[in-house]
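Below is one structure, written out as structure tokens; comments come after it.
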Amino acid sequence: MAKKRNKTIISCAVTGAIHTPTMSEALPYRSEDIARQAIDAAEAGASILHLHARHPETGAVSLDPAHFQQFLPIIKQATNAVVNISTGGSLKTTIQDRILPAQTFSPEMCSLNMGSMNFSFHPLVGKYDDWKFDWEKDYVANSDTYIFRNTFRDIQTVSETLAPHNIKFEHECYDVGHLYNLKFCMDVGLFKAPIFIQFVLGILGGIGPDLDNLVFMKRTADRLFGDDYQWSVLGAGGAQMPLATSAAQMGGNVRVGLEDSLFIRRGQLAQSNAEQVAKIRRIVEELGAEVATPGEAREMLDLKGADRTQF
Ligand code: KMH
Ligand code: ZN
């Protein structure tokens, strides 16, 4: 069984690299909007903020540390939430480019994607006619050509490059095989317990967003990692709230945010990240669980502390 715990960590993934500005007015891409929405999400109950940067003028995905620099200190000053910087923010660049923001800012956490895969959102292209920025349509349409590259060598590179920073990874596992990849990496000494696994369901290219699949992932993780792990669930698109609710019922942690779904309920766009956090918080509490504070999340995940980051 996974480590027993009685608090639920809510992670909020604020903007990501899938959705584009045309898809929702609420999706933040200017630095001040990313900062504002992250802070509001923390105030609503998120103890972990999973962050990507965007180009502040065009909304295109960015790995440029200068763009992170525009919002990280503001967030840190305004909230005690744990900052988690993505290392998976581009489907088109090298792992070295993807690690650079985490290497630069030494956050308490960063994401680490546990296998290579197709990663596509091209079906979204047909839903929009007028695109706000000229990069958006091709970016979405061509995602059926993207391979999300996370080879064993890439994973080792992330682990070794970031080892001096004592960063806890959010191990993103999009299919059962990724759990075995993670187990292999632990066996060869790349990661130390307690590990934090994010089960990712519903990405086109990964496992589908079904409860059976979540149970299968969880059982497999129990078998592989015993009680040496914490787990959380991210459902993409319409699966976000239903799977987060299932995770909370099963005793797991949850991730919401506009990175993973633009909706608050079927057919209705969310107005903000905080709206999604507030909703899952209500659900978690109605189910009889307590939402973890940032301090409790730090304890559960054995984090180094905000005073040891470089921003
Ligand atoms: N949006 C998630 C499905 C990363 O940042 O490393 C993928 C993700 C990857 O969060
Ligand atoms: Zn992400």
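Position 1 is the first residue of the sequence, and the numbers go up from there. Worth knowing before you read on, the calculation uses all heavy atoms, side chains too, and leaves out hydrogens, waters and symmetry mates. Numbering of ligands and ligand atoms starts at 1, following listing order.
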Polar contact flag, side-chain donor to acceptor under 3.5 angstrom, Gln198-Ser232: yes

CA sep, side-chain torsions, deciding dist, call: Lys7, Glu290, salt bridge (charged side-chain N to carboxylate O under 4.0 Å, His left out): CA-CA 5 Å; Lys7 301 273 172 125; Glu290 272 181 76; 3.2 Å; yes

Carboxylate-amine/guanidinium contact Glu25 Lys132, below 4.0 Å: yes

Enumerated ligand 1 atoms positioned under 4.0 Å from heavy atoms of His52: 5 (O)

Numbering as shown, the atoms of ligand 1 that approach Glu259 to under 4.0 Å (heavy-atom distance): 1 (N), 2 (C), 5 (O), 7 (C), 8 (C), 10 (O)

Close approach, His171 and ligand 1, non-hydrogen under 4.0 angstrom: no

Asp260-Gln240 side chain donor-acceptor pair, cut-off 3.5 Å: no

Residue pair Leu162 / Cys110: nearest heavy atoms and the distance that separates them: CD1-SG, 3.6 Å

Nearest heavy atoms of Met241 and Ile264, plus distance in Å: CG-O, 4.4 Å

Atom 6 (O) of ligand 1 - nearest protein heavy atom and its distance: Ser111 OG, 2.6 Å

Within 6.0 Å of CD in Gln77, more than 12 heavy atoms from elsewhere: no

Leu112 and ligand 1 - part of the residue with a heavy-atom distance under 4.0 Å: neither

Proximity flag Gln198 to ligand 1, non-hydrogen atoms under 4.0 Å: no

Intermediate values then yes/no, salt bridge (charged side-chain N to carboxylate O under 4.0 Å, His left out), Asp154 and Arg149: CA-CA 8 Å; Asp154 291 339; Arg149 188 192 136 137; 2.9 Å; yes

Glu172 backbone or side-chain N/O/S under 2.8 Å from the Zn ion (ligand 2): no

Distance filter under 4.0 Å to Arg255 heavy atoms, resulting ligand 1 atoms: 1 (N), 2 (C), 8 (C), 10 (O)

Structural part of His19 in contact with ligand 1, heavy atom criterion under 4.0 angstrom: neither

Angle subtended at the Zn ion (ligand 2) by His52 NE2 and His50 NE2, rounded to 10 degrees: 100°

Nearest non-hydrogen protein atom, atom 8 (C) of ligand 1: Glu172 OE1, 3.1 Å

Shortest heavy-atom approach to atom 7 (C) of ligand 1 - which of Phe148, Phe119, Phe169, Tyr174: Tyr174

From CA spacing to verdict: salt bridge (charged side-chain N to carboxylate O under 4.0 Å, His left out), Lys279, Glu275: CA-CA 6 Å; Lys279 177 166 176 169; Glu275 190 185 14; over 6 Å; no

Numbered atoms and elements of ligand 1 in range of Ile203, under 4.0 angstrom, heavy atoms: 3 (C)

Ligand 1 atoms in contact with Ser86 (distance to a heavy atom under 4.0 Å): 4 (C), 5 (O), 6 (O)

Phe184/Phe152 aromatic ring centres below 6.0 Å: yes

Minimum-distance atom from the Zn ion (ligand 2) among N, O or S atoms of Glu259: OE2

